[in-house]
Amino acid sequence: MIVQYAKNQSMSWTAKDIQNLRTKGLSIHVQQNTESVKIPNVDKGSVGKNTIEALLQEMKRLGVISGYVRELKFDEVRRFRFDWAIPELKLAIEYEGLNSEKSRHTTKKGYTGDCVKYNLAILNGWKVLRYTALNYSDFPQDIKVFLRKL
């Protein structure tokens, strides 16, 4: 089955994939033998993170990538970790939790720490894709562009 998961984008999904998305809070709409996933435009970090995770799982299932790692520690000296990484491609995917006024990412110290982390990653040959609650639905198109450029 083909599932629309972002504007003008689709990917094949199994019934199990659809059920997994439903359990993660995504609403599924059925239209003429095609199911579409409507990704809610809300400021809940779990929706964006779950959507990215679900798409990584589907890419692995389809053989687009051989796998991915959650919370990959990419430097032996610093304790920085990527939210997700595809080590064979040296690609990191980060979800910035900007959902509350007390977010670490919005403080001077937290933002500076993120800058240090991303600079260290780039200096070590990593590419970093960054997402928030407002742009996480760009991930499918961004990963397609990234893979085409390999």
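Note that the structure is a prediction, hence the values are computed from the model and not measured.
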Among residues two or more places apart or on two chains, list those pairs meeting salt bridge (charged side-chain N to carboxylate O under 4.0 Å, His left out) that have a residue in residues 118-128.
none

Separation of K49 NZ from Y136 OH (nearest 0.5 Å)
14.0 Å

Is it the case that atom CZ in R148 sees more than 12 heavy atoms from other parts of the structure closer than 6.0 Å?
yes

With W126, which residues qualify under side chain to side chain donor-acceptor pair (under 3.5 Å), at least two apart?
none

I86 and G67: which non-hydrogen atoms are nearest, and at how many Å?
CG2-O, 3.6 Å

Excluding sequence neighbours, so at least two apart, what forms side chain to side chain contact (heavy atoms under 4.5 Å, CB included) with L123?
none

Shortest non-hydrogen separation from P87 to V69 and the atoms involved:
CG-CG2, 3.9 Å

Between I143 and L56, does a side-chain contact (heavy atoms from CB on, under 4.5 Å) hold up when you go through it step by step?
CA-CA 10 Å; I143 192 74; L56 286 167; 5.8 Å; no

To check you understand the geometry: which heavy-atom pair defines the closest contact between A85 and F82, and what is its length?
CB-CD1, 4.0 Å

Can you confirm whether more than 12 heavy atoms, excluding those of K73, are under 6.0 Å from its NZ atom?
yes

State plainly whether one hydrophobic cluster holds both L129 and I122, where clusters connect Ile, Leu, Val, Met, Phe, Trp and Tyr through side-chain heavy atoms under 4.5 angstrom apart.
no

Would you say the side-chain atoms of Y131 and D142 include a donor-acceptor pair closer than 3.5 Å?
yes

Check side chain to side chain contact (heavy atoms under 4.5 Å, CB included) between L120 and all other residues, then give those that pass, not counting sequence neighbours.
F74, D75, R78, F80, N124

What's the separation between atom OH in Y111 and atom OG1 in T107, rounded to the nearest 0.5 Å?
11.5 Å

Is it true that Y95 and F146 fall in one hydrophobic cluster, defined by side-chain heavy atoms closer than 4.5 Å?
yes

With a 4.5 Å cut-off on side-chain heavy-atom distances among I, L, V, M, F, W and Y, is there a chain of contacts connecting L150 to L91?
yes

Checking N119 now: which residues fulfil side chain to side chain donor-acceptor pair (under 3.5 Å) with it, not counting sequence neighbours?
none

Measure the spacing between CD1 of I93 and CZ of R70 and express it to the nearest 0.5 Å.
12.0 Å

CA sep, side-chain torsions, deciding dist, call: R81, L72, side-chain contact (heavy atoms from CB on, under 4.5 Å)
CA-CA 5 Å; R81 287 174 166 62; L72 177 74; over 6 Å; no

Interatomic distance, CD@Q57 vs CD1@I65, rounded to 0.5 Å, equals 10.0 Å

Those residues that, when tested against E88, pass side chain to side chain donor-acceptor pair (under 3.5 Å) (two or more places apart)
S66

At what distance, to the nearest 0.5 angstrom, does CG of L89 lie from CG of L147?
6.5 Å

Report the C-alpha distance between Y118 and E94 in whole Å, list the side-chain angles of each, state the deciding distance to 0.1 Å, and finish with yes or no for side-chain contact (heavy atoms from CB on, under 4.5 Å).
CA-CA 10 Å; Y118 300 136; E94 288 285 297; 3.3 Å; yes

Working for side-chain contact (heavy atoms from CB on, under 4.5 Å), residues D114 and E96:
CA-CA 9 Å; D114 285 345; E96 307 295 347; 3.6 Å; yes

